[in-house]
Student: 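My questions all concern the structure below.
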There are 2 protein chains.
Amino acid sequence: MKVTINDVAKHAGVSMKTVSRVINKEPSVRKKTYDLVMQAVTELNYQPNTAARNLAGTSSFAIGLVYDNPNAYYVIDMQNGVLSRCKDEGYELVIHPCCAQDPEMHKEIATMIQRSRLAGLVLTPPLSEQQDIIDMLDELGIAYVRLLSGQDKTPEKSTEVPASPKSNNCIYVDDYAAAYEITVHLINLGHKTIAFACGDAEHKSTTERLAGYQSALKDHNLTVDDNLIYEGNYSFESGVEGAKALLKNNNASNITAILGGNDEIAAGALFAARLMNIAIPEQLSISGFEDSPFSRQTWPKLTTAHQANSVISEHAARLLFSKTRGSRKQDKDIITTFTPSIVIRESTGPAPN
Amino acid sequence: MKVTINDVAKHAGVSMKTVSRVINKEPSVRKKTYDLVMQAVTELNYQPNTAARNLAGTSSFAIGLVYDNPNAYYVIDMQNGVLSRCKDEGYELVIHPCCAQDPEMHKEIATMIQRSRLAGLVLTPPLSEQQDIIDMLDELGIAYVRLLSGQDKTPEKSTEVPASPKSNNCIYVDDYAAAYEITVHLINLGHKTIAFACGDAEHKSTTERLAGYQSALKDHNLTVDDNLIYEGNYSFESGVEGAKALLKNNNASNITAILGGNDEIAAGALFAARLMNIAIPEQLSISGFEDSPFSRQTWPKLTTAHQANSVISEHAARLLFSKTRGSRKQDKDIITTFTPSIVIRESTGPAPN
DNA sequence: AGTTAAAATGACAACGCTGTCAAACTGCAT
DNA sequence: ATGCAGTTTGACAGCGTTGTCATTTTAACT
């Protein structure tokens, strides 16, 4: 039942080491030998033992994914993207949900890395923004990739290998540009008083999205009014509260559109609008952000910015693998900056009269 | 930087094996020795090497979770429940999303098990219902726990250790009882023509929920009409289509309530009702199933049956661990049958006139 | 104190693979 | 043929634990 590398070696008439080379796709193996070994592998249905490989090798065949995000859709997409790459590379994925608030977080992550001797780590926001974690990873000398909100500001993409190993390990999502675009969409619909319901203030994405919204207003000669900005968090409840607060005495401000920091907030705003008997989009336009599945399951369906999370995380994994031992071929197809694209659905419409 | 068991042994003045015993919480270690070792462990910040333990031991310190479910909330809850137990036991979790349709599925799972030498497997529906997978697991002789829809029919819970290792490895969710209860709730509200929008026909949960619904009707002398049953799947879209089909010529049948096979279907029905200008719950009551977060994010909020997925999966993990090597204490607190409890919210109300 | 069983500890060889480094082969120019 | 550099292969020693089994210590009795 249990087939070892030794069995394969005997069967193919070569040494264990040669089989090992084939398994690991090392370059210096003659085609003939390669085929011979592969045939034996197939015939015996050999399965390399992960534990043994991890123990004997310099690093293990596992990477980690750490996250602290209440949004199940987001997390699943992230997992699946990374997982698909892991499958191709023959790696395992160790998932690690955690609590960004915990000041001991970086220690917990360090423990996990050491126990599993992870080959690398993918960090999602907001963990990817925490300096103490980054410092810890640098100290440990482990490869990692950060998912960040912002733009790739690499001075000039040099053809040289980057001097510092720390650089070139970020994947950016340009929330600024996407928020700008959505805001322009609303402005083009004739909206002049557009509110913004923020997500968690600590998240970089919040500031980026807010900045995009503000820039769009400025560029179109609309006043940026702090009273139109609600500071909440990325939850449905926060969306409900935000909309309620914003719309309470709406005679004065006359808000005709709300840009939600994410889909949950927008769905919450939708909910609040309904409570207040406000017709969407006739009386009020609401836009989400992220395009999570339920932005299609609200009534009406949400206009939002599509963020291809599973693609993003897949590229994060690619970038990570390009930094780990194999590192065979330079993966030139890695996209490092993603800009969510606007998806117009039914929750936004022309400004009333 | 790297601390081995040998270092700890020297530091504590005992043998490696004794340290190993302490790490693994084996019984025959004197308290004094135990403390001595633990102190050394703490002082040196020793982290057991998972790979080495996996290799040397009889089975690895990892269990698997396989699923094929499009519902992100469900999957995340399952993961978190199992993960919390893994953390306590010092195990790793290998997640494995897969496609139940694939006829080669069981081979893929077998490969994963062998590569990672998994100590056990938690199977969620519908994978847990597939005979080919079960057969494969039995053949491999690996411990596994199945999450199933139904009731625990163990003849009489004997105090003896079960004869066959195959028995006592299921966790049941009593969908029948929950569907019955929800249906009674609707009946008590005066509804006489209650429709049911099914999930995937192949899923056991679908038949169980349907049966519960039908029994409730019968027990209350209401006719069970197949025309009131829509065969869909567990998606939002299916809910939309189902409700549309059901309500199309509603003058004839006069449906006043729809029981959705899950929350997504119910949300879809809600959506369809809105399209058709039907007031919820004034003209039509709609109920969901599962109590996923977005049953609280619809308008109006969904009446549903609360299914504590993370608790359920945690117990599944417990049951699994009670079957793996450690198996130290008999975990007597494992619940093997869960009955979702009804949560009444705003989407159901008295039958019109 | 002396005996004996039980409990606690230790010595050492696996576990299945990869890194290191040396050996054997290859092709090519002499 | 001969030598040489480059390529391909192999021998063997770990990697850091745990299982086995032998040995020592303890406790519980005469």
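Note that the coordinates shown come from a computational prediction; the quantities given were computed from them, not determined experimentally. The figures that follow rest on heavy atoms only: side chains count, while hydrogens, waters and symmetry mates do not. In what follows, chains carry the letters A, B, and so on, assigned in the order in which the sequence lines appear, proteins first and then strands, with residues in each chain numbered from 1.
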Student: Rounded to the nearest angstrom, tell me the gap between atom CD in A/E26 and atom P in C/dC17.
Tutor: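 Answer to the nearest Å: 14 Å.
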Student: With side chains defined as the heavy atoms from C-beta onward, is the minimum distance between A/V145 and A/L121 less than 4.5 Å?
Tutor: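 No, their side chains stay 4.5 Å or more apart.
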Student: Once salt bridge (Lys or Arg N to Asp or Glu O under 4.0 Å) is applied, what residue pairs with a partner in residues 108-125 of chain A remain, sequence neighbours excluded?
Tutor: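 Listed once each, the pairs are A/E108-B/K87.
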Student: If each of B/V14 and A/A51 is mapped to the nucleotide of DNA chain C with the nearest heavy atom, which maps nearer the 5' terminus, i.e. the 5' end?
Tutor: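 Closest to the 5' end, via its nearest nucleotide, is B/V14.
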Student: Expressed in angstrom and rounded to an integer, what is the separation of A/K31 atom NZ from D/dT9 atom P?
Tutor: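 Between P of D/dT9 and NZ of A/K31: 13 Å.
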Student: Tell me whether the centres of the aromatic rings in A/Y91 and A/F321 are closer together than 6.0 Å.
Tutor: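 Centroid separation for A/Y91 and A/F321: below 6.0 Å.
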Student: Rounded to whole angstroms, how far apart are CZ on A/R53 and C1' on C/dG19?
Tutor: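 Rounding to the nearest Å, CZ of A/R53 and C1' of C/dG19 are 14 Å apart.
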Student: Are B/Y144 and B/D138 close enough that a side-chain donor and a side-chain acceptor fall under 3.5 Å?
Tutor: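 Short answer, yes.
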Student: Distance alone, cut at 3.5 Å: any donor-acceptor contact between the side chains of B/S15 and B/T18?
Tutor: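 The criterion, which ignores hydrogens and geometry beyond distance, is satisfied for B/T18 and B/S15.
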Student: Output, in order, the C-alpha distance, side-chain angles, deciding distance and verdict of ring-ring contact (aromatic ring centres under 6.0 Å, His included) for A/H315 and A/F338.
Tutor: CA-CA 10 Å; A/H315 281 261; A/F338 290 83; 5.5 Å; yes
Student: Got a sec? Which of residues 32-44 of chain A come in under 4.0 Å of DNA chain C, heavy atoms?
Tutor: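 Close to the strand, none.
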Student: Heavy-atom nearest nucleotide on DNA chain D for B/R30 versus B/P48: which residue maps closer to 5'?
Tutor: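 With B/R30 and B/P48 compared, the 5'-side residue is B/P48.
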Student: Identify, with sequence neighbours excluded, every residue that meets side-chain contact (heavy atoms from CB on, under 4.5 Å) alongside B/Q39.
Tutor: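 side-chain contact (heavy atoms from CB on, under 4.5 Å) check on B/Q39 returns B/E43.
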Student: For A/K10, which residues count as a salt bridge (Lys or Arg N to Asp or Glu O under 4.0 Å) partner, sequence neighbours excluded?
Tutor: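 Testing A/K10 for salt bridge (Lys or Arg N to Asp or Glu O under 4.0 Å), a comparison that skips the adjacent residues, returns none.
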Student: Polar atom pairs between nucleotides 11-15 of chain C and protein, under 3.5 Å, N or O only, would you list them?
Tutor:
{"unit_1": "C/dC15", "atom_1": "O2", "unit_2": "B/A56", "atom_2": "N", "d": "3.4"}

Student: Where the side chain of B/N24 is concerned, which of D/dT18, C/dC17, D/dG16 is the nearest nucleotide?
Tutor: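 Closest nucleotide among those given: D/dT18.
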Student: Is any side-chain heavy atom of B/I134 less than 4.5 Å from a side-chain heavy atom of B/R146?
Tutor: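 Sidechains of B/R146 and B/I134: in contact.
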Student: Would you work out how much the helix from C/dA1-D/dT30 to C/dT30-D/dA1 bends between its ends, with each end axis defined by five base pairs, to 10 degrees?
Tutor: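 About 40°, once rounded to a multiple of 10°.
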Student: Check whether any side-chain nitrogen or oxygen of B/S28 sits under 4.0 Å from OP1 or OP2 of C/dA7, and answer yes or no.
Tutor: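 For B/S28, the contact criterion (side-chain N or O under 4.0 Å from OP1 or OP2 of C/dA7) is not met.
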Student: Measuring to OP1 and OP2 of D/dT9, would you say a side-chain N or O of A/T18 lies under 4.0 angstrom away?
Tutor: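 It does not, given that no N or O in the side chain of A/T18 lies less than 4.0 Å from OP1 or OP2 of D/dT9.
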